[in-house]
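Scroll down for the structure; my scribbles are underneath it.
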Amino acid sequence: MIIDYLGGEHPADVEADVCIVGGGAAGIAIARSFLGTRFNVCLIESGGLAGEDRNQALYEGSSAGDVEFNPSMSRMRVFGGSCNLWGGGCIPLGKQDLERREWVPHSGWPIGYADLEPFYLRAREYCQIGALDFTDGSFAESPFRSTLPFDQEKLVNQFFARSPILFGDAYRTELEHADNVTVLLHGNLLELKASADGRHVREAHIGALNGARGVVRARHYVLACGGIENARLLLLSNSVVPEGLGNRHDVVGRYFMDHPSGKLGTLTAKGNHRITRPYERRHIKGAPPAFPEIALSPQFQRKHRVLNGRVHPFGVEGPLPRGIRALRELKTALRNPVQNESALLEARLSEALRNAPAGHVITAPDNLGLTALKLGLGIGDLARACVHRLTDRPTVANSHVDLVGYFEQAPNPDSRVTLGAEMDAFGQRKVEVDWRLTSLDRETYRSSARMFGEEIASAGEGHFELEPWLAHDDAAKPEVHGTAHHMGTTRMSDNPLTGVVDSRCKVHGMDNLHIAGSSVFPTGGWAFPTFTIVALSMRLADELRDLLTTCASTGLL
């Protein structure tokens, strides 16, 4: 059942066995795990079924770090979560990503690859990539096109799979018709109210922007609101424990990580397309939906004591032939210019999150007749483009290749999410993000950038030119930005002094509060986090079902 809190008719109070806050990839995965069971689930989602500016404004916040960070433009408040904007990338973490590395302070998960592997298997079905096999840090697929050959001690080709779905769209009907699941849209968690000793969540207080208020009482609670909001909600739940739930040791919000990304350099070769073609993410009929990425080998990381990372070669088009430009202008003119609020919001967020080189800017022409004339005069350009496609070359020749790096970030307790001074529409403190990089982050960029460029240039018979910011010493400001992979703020650790949740994702010192999502990651490798988020969520769902079943068998339910 789906109930819209802005619809006027909604229950003031809800009773459930499990209350999940957040209707993204993690929350939906956990809720689906209870379909057909005897246990009742309440899934609370702040957004609606489509993006809305007034809901998105609740994500606003400030930036305090050396690297600028905009909290409102790096996530989406809607049913299905920020994965409404994702590219579908799924890949498991590698064994080394989970292990303690002596050169990476605060590294090491309290669980290993063997603990995650059975849930990675199940996560394939949820992400609808079940036909693809995976291995340590990669999907086990033969490339459709031959990848570049590398020295395996330095670089490796790893494969990610592309999920074809948006979770909110794919599983909305199931949840809507489920007898034991209640989805509350436009319901915003205001506070998790704890018992007097702060060890037990008694109820979740929720509200809507129209003034509606309600309470959800459950046996177990799960925060599944992302790497920033999970920490914020714990800090805002402070009426009983002044420092916030799970924060007795001042760890909530610390160790904030993203996957820093930046241009590493420029590569030119006689055939630029021979370098870029194998790594394009364009699905080809008959090929598996898996795509290679060029990554640092575990051996290189250990030898040079650096973090994990990958690089992607982006072909940058040269001057557009007249006929090609005219065709693109015509296509732009024929697109529907009328877009609704959700589509416009998604477009703004997608542009803000773009981490690839910008292409040619094509606008709708003022005179369609003139454009049609240009198209006719450029018929030769179109014919050459068709030949290029038949010979597996780009429609427009690349002038050069931009190498863009995407890196693991070192866990850093001083990189953190806190509550700022400004208030949101509910009168609650907005988030402030102090995103900080360490000397290990900077050394990783410098050590790997030149090697990436030179190895790819050698394999592609080209020449590499390093970006100027990477040629300087540690004092140079890294020219990187985030990729909206927020991690670490409620990190997993067996020691409550260094983590917020234990190895089962239960908050230390509390008996019925759990956290799902990448906020529990102690480290993040370079891998897109969604596949591991889903695997951990399924693992947590099993834990919750076991706890509830045990209570039922002992007569406590």
Inset, instruction - Heavy atoms only: give me the nearest E52-L345 pair and the separation to one decimal. - result: N-CD2, 3.7 Å
Inset, instruction - Please test I294 against H312 for side-chain contact (heavy atoms from CB on, under 4.5 Å), starting from the C-alpha separation and ending with a verdict. - result: CA-CA 7 Å; I294 305 169; H312 192 88; over 6 Å; no
Legend entry - CD1 on I91 to OH on Y120, rounded to 0.5 Å: 9.5 Å
Inset, instruction - Could you grab the distance from atom CD of E102 to atom CZ of R302, nearest 0.5 Å is fine? - result: 9.5 Å
Legend entry - salt bridge (charged side-chain N to carboxylate O under 4.0 Å, His left out) against K154, all qualifying residues, sequence neighbours excluded: E455
Inset, instruction - To the nearest 0.5 angstrom, please state how far the CE atom of M538 sits from the CG atom of L540. - result: 12.0 Å
Legend entry - I533 CD1 to C83 SG distance, which is reported to the nearest 0.5 Å: 7.0 Å
Inset, instruction - Would you confirm whether the ring centroid of F160 sits within less than 6.0 angstrom of the ring centroid of F531? - result: no
Legend entry - side chain to side chain contact (heavy atoms under 4.5 Å, CB included) against S458, all qualifying residues, sequence neighbours excluded: none
Inset, instruction - Before accepting this row, confirm whether a basic side-chain N of the pair E117/K95 lies closer than 4.0 Å to the acidic partner's carboxylate O. - result: no
Legend entry - Test log, rule side-chain contact (heavy atoms from CB on, under 4.5 Å), inputs E461 and K270: CA-CA 7 Å; E461 300 180 353; K270 196 168 186 180; over 6 Å; no
Inset, instruction - Run the numbers on E293 and R281 for side-chain contact (heavy atoms from CB on, under 4.5 Å), then give the verdict. - result: CA-CA 10 Å; E293 290 290 323; R281 296 178 179 178; 2.8 Å; yes
Legend entry - Check: D258/T483 side-chain N/O donor and acceptor closer than 3.5 Å: yes
Legend entry - Check: W526/Q158 side-chain N/O donor and acceptor closer than 3.5 Å: yes
Inset, instruction - Evaluate the side-chain proximity of Y406 to F528: yes if any heavy-atom separation is below 4.5 Å, no if none is. - result: no
Inset, instruction - Check whether any side-chain heavy atom of T532 lies under 4.5 Å from a side-chain heavy atom of S518, and answer yes or no. - result: no
Legend entry - Any donor-acceptor N or O pair under 3.5 Å, side chains E443, S447: yes
Inset, instruction - Would you check if there is a donor-acceptor pair between the side chains of W109 and T523 at a distance under 3.5 Å? - result: yes
Legend entry - Spacing of CZ belonging to F69 relative to CG belonging to D434, to within rounding of 0.5 Å: 11.5 Å
Inset, instruction - List the steps, then state whether side-chain contact (heavy atoms from CB on, under 4.5 Å) holds for L166 with W86. - result: CA-CA 8 Å; L166 300 178; W86 79 323; 3.9 Å; yes
Inset, instruction - Could you pull out all residues at least two apart from R77 that satisfy salt bridge (charged side-chain N to carboxylate O under 4.0 Å, His left out)? - result: E229
Inset, instruction - Assess the side chains of Y113 and D97: does a donor N or O sit below 3.5 Å from an acceptor N or O? - result: no
Legend entry - Ring centres under 6.0 angstrom apart (H485, F521): no
Legend entry - I515 CD1 to T489 OG1 distance, which is reported to the nearest 0.5 Å: 7.5 Å
Inset, instruction - Decide yes or no for S297 and F150: does some side-chain heavy atom of the first lie under 4.5 Å from some side-chain heavy atom of the second? - result: no
Legend entry - Closest heavy-atom pair and its distance - A26, A516: CB-CB, 4.0 Å
Legend entry - Atom CZ of R122: over 12 foreign heavy atoms under 6.0 Å: yes
Inset, instruction - Please tell me if the side chains of T266 and D402 come closer than 4.5 Å, counting only heavy atoms from C-beta onward. - result: yes
Legend entry - Residues E351, R354: salt bridge by 4.0 Å N-O rule: yes
Inset, instruction - Taking atom CZ of R450 as the centre, report whether more than 12 heavy atoms of other residues, nucleotides or ligands fall under 6.0 Å from it. - result: no
Inset, instruction - Could you tell me whether R172 atom CZ has more than 12 heavy atoms of other residues or ligands within 6.0 Å of it? - result: no
Legend entry - 4.5 Å side-chain heavy-atom contact, Y279 and I456: no
Legend entry - T276 versus F314, closest heavy-atom pair with distance: CG2-C, 4.1 Å
Legend entry - Modelled atom types, side-chain donor and acceptor of T444 and D441, under 3.5 Å: no
Legend entry - S519 side chain near H486 side chain, heavy-atom distance below 4.5 Å: no
Legend entry - Within 45° cone of Y171 ring axis and under 6.0 Å: R32 NZ or CZ: yes
Legend entry - Atom CD of E174 with >12 non-hydrogen neighbours under 6.0 angstrom: yes
Inset, instruction - Search all heavy atoms of A25 against all heavy atoms of V534 and return the closest pair with its distance. - result: CB-CG2, 4.4 Å
Inset, instruction - For D414, look at atom CG and say whether over 12 heavy atoms of other residues, nucleotides or ligands are found less than 6.0 Å away. - result: yes
Legend entry - Any L155 side-chain heavy atom under 4.5 Å of M451 side chain: yes
Legend entry - Side-chain heavy-atom pair L307, L440 within 4.5 angstrom cut-off: yes
Legend entry - Check: N412 main-chain N/O paired with R436 side-chain donor or acceptor under 3.5 Å: no
Inset, instruction - Count the heavy atoms of every other residue, nucleotide or ligand shown that sit under 6.0 Å from CD of Q299, and state whether that count exceeds 12. - result: yes
